[in-house]
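Here the structure is laid out as structure tokens; the discussion comes afterwards.
Below, each value reflects all heavy atoms present in this structure, side chains not excepted, and no hydrogens, waters or symmetry copies. Values in this document were obtained by computation on a predicted structure and should not be read as measured data.
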Amino acid sequence: MKKVLIISASLRSSSNSDVLAHAFMKGAQEAGNEVMYESLAGKKIDYCIGCMACHKTGTCVLKDDAVELAEKMKTADVIVFATPVYFFGMSGKMKTLLDRTNPLYSYPYDFRDIYVLCTAAENEKDTPVGTVNGIQGWIDCFEQAQLKGEVFAGGVSGQGEVAGHPAVAQAYEMGKKV
């Protein structure tokens, strides 16, 4: 059994990327894993101020929801990032969260496997590249972590349009294989 943390960056309830996150969650739970789901909607996540105090203390000097999320990330075996693609990159709130995980860089962490789930109105083959590359850049800072898989649902913008898209089944099957 693995501890799986799913972080959904969409700020819309029942969003397309959230549907992928829940499909992955269902598969991972059915496979017997412990799954936690966190939505960034409603979370207070301030920008990193670059003070680097976290490298000495192991925690951020800013006291907001990013501190608790970073702790959950630290103790998860698997992290799943679900995000809408905006202007060919991850959502701003997800990027801000990743910047705020700087305290994890200098201290032991459990996560090894990272998955990316993303959705976009655009449906071109290269639409998710910026998002995946951005998250890969974060992963590259953690020697023991690796990108294990990605799912992209393109051509969906309205709430719930992803229903019936092959990416939903792909996310579910990927979750089952965690």
Considering all heavy atoms, the nearest Thr59-Val67 contact: OG1-CG1, 3.8 Å
If we ignore hydrogens and angles and just use 3.5 Å, is the side chain of Thr83 paired with the main-chain N or O of Ser91 as donor and acceptor? yes
All heavy atoms of Leu117 vs all of Ala171, minimum pair found to be CD2-CB, 4.3 Å
Check for a donor-acceptor pair, side chain of Glu161 on one end and backbone N or O of Gly158 on the other, with a separation under 3.5 Å. yes
Nearest heavy atoms of Ala120 and Thr127, plus distance in Å: CB-CG2, 3.7 Å
Using the ring-ring contact (aromatic ring centres under 6.0 Å, His included) rule, collect all pairs that involve residues 19-54, keeping only residues at least two apart or in two chains. His22-Tyr37, Phe24-Tyr115
The reported gap from CG in Asn102 to SG in Cys48 (rounded to nearest 0.5 angstrom) is 5.5 Å
Is the shortest side-chain N to carboxylate O distance from Asp113 to Lys2 below 4.0 Å? yes
Transitive ILVMFWY side-chain link Tyr107 to Phe142, under 4.5 Å: no
Compare all side-chain heavy atoms of Ile135 with those of Met94 and state whether any distance is below 4.5 angstrom. yes
When you check the side-chain N and O atoms of Asn16 and His165, is any donor under 3.5 Å from an acceptor? no
Distance-only donor-acceptor check, side chains Gln136 and Asp140, under 3.5 Å: yes
Can you find a heavy atom in the side chain of Asp77 that is under 4.5 Å from one in the side chain of Leu5? no
Looking only at heavy atoms, what is the nearest atom pair of Val178 and Asn33, with distance? O-ND2, 3.8 Å
Just do the side-chain contact (heavy atoms from CB on, under 4.5 Å) check on Glu122 and Val85 with the steps written out, would you? CA-CA 9 Å; Glu122 291 289 326; Val85 176; over 6 Å; no
From CA spacing to verdict: side-chain contact (heavy atoms from CB on, under 4.5 Å), Val116, Leu147: CA-CA 8 Å; Val116 178; Leu147 179 61; 3.8 Å; yes
May I ask you to test the Gln159-Ser15 pair for a side-chain heavy-atom distance under 4.5 Å? no
Should Met25 and Tyr172 be regarded as members of a common hydrophobic cluster, given that ILVMFWY residues are connected when their side-chain heavy atoms come within less than 4.5 Å of each other, either directly or indirectly? no
Consider only side-chain heavy atoms of I, L, V, M, F, W and Y, link residues closer than 4.5 Å, and tell whether Val162 and Val132 are in one cluster. no
Salt bridge check: are Asp110 and Arg112 linked by an N-O gap of less than 4.0 Å? no
Within 6.0 angstrom of Gln146 CD, more than 12 heavy atoms from elsewhere: yes
Do Phe81 and Val35 share a hydrophobic cluster (ILVMFWY, side-chain heavy atoms under 4.5 Å, transitive)? no
Below 4.0 angstrom, N of the basic side chain to O of the carboxylate: do Glu173 and Lys177 qualify? no
Say you draw a straight line from CZ of Phe152 to CD of Gln170; how long is it, rounded to the nearest 0.5 Å? 11.0 Å
Can you list the steps and then say if Arg100 with Cys60 is a side-chain contact (heavy atoms from CB on, under 4.5 Å)? CA-CA 8 Å; Arg100 290 289 305 286; Cys60 185; 3.3 Å; yes
Rounding to 0.5 Å, atoms NZ (Lys63) and CD (Glu68) come to a distance of 12.5 Å
Thinking salt bridges, do Asp64 and Lys43 make one under a 4.0 Å N-O criterion? no
Could you please spell out the steps behind the side-chain contact (heavy atoms from CB on, under 4.5 Å) verdict for Leu69 and Ile45? CA-CA 10 Å; Leu69 287 168; Ile45 302 175; 4.1 Å; yes
Close side-chain approach of Ile114 and Val80, heavy atoms under 4.5 Å: no
When rounded to the nearest 0.5 angstrom, what is the spacing between CD1 in Ile6 and OG in Ser39? 12.0 Å
Taking atom CE of Met73 and atom CG of Leu104, what is their separation to the nearest 0.5 Å? 6.0 Å
Grouping I, L, V, M, F, W and Y whenever their side-chain heavy atoms are under 4.5 Å apart, do Ile79 and Leu98 come out in a common cluster? yes
Any side-chain heavy-atom pair of Val129 and Phe88 under 4.5 Å: no
Please collect all salt bridge (Lys or Arg N to Asp or Glu O under 4.0 Å) contacts where either partner lies in residues 11-28, sequence neighbours excluded, each pair once. none
May I ask you to test the Val78-Lys148 pair for a side-chain heavy-atom distance under 4.5 Å? no
So for atom CD, which belongs to Glu143, do other residues, nucleotides or ligands contribute more than 12 heavy atoms lying within a distance under 6.0 Å? no
Quick one: does Leu97's side chain get under 4.5 Å of Ile7's, heavy atoms only? yes
Residue pair Met90 / Thr131: nearest heavy atoms and the distance that separates them: N-OG1, 3.2 Å
In this structure, NZ of Lys3 is separated from CE of Met36 (nearest 0.5 Å) by 5.5 Å
Residue pair Met1 / Glu34: nearest heavy atoms and the distance that separates them: CG-N, 3.7 Å
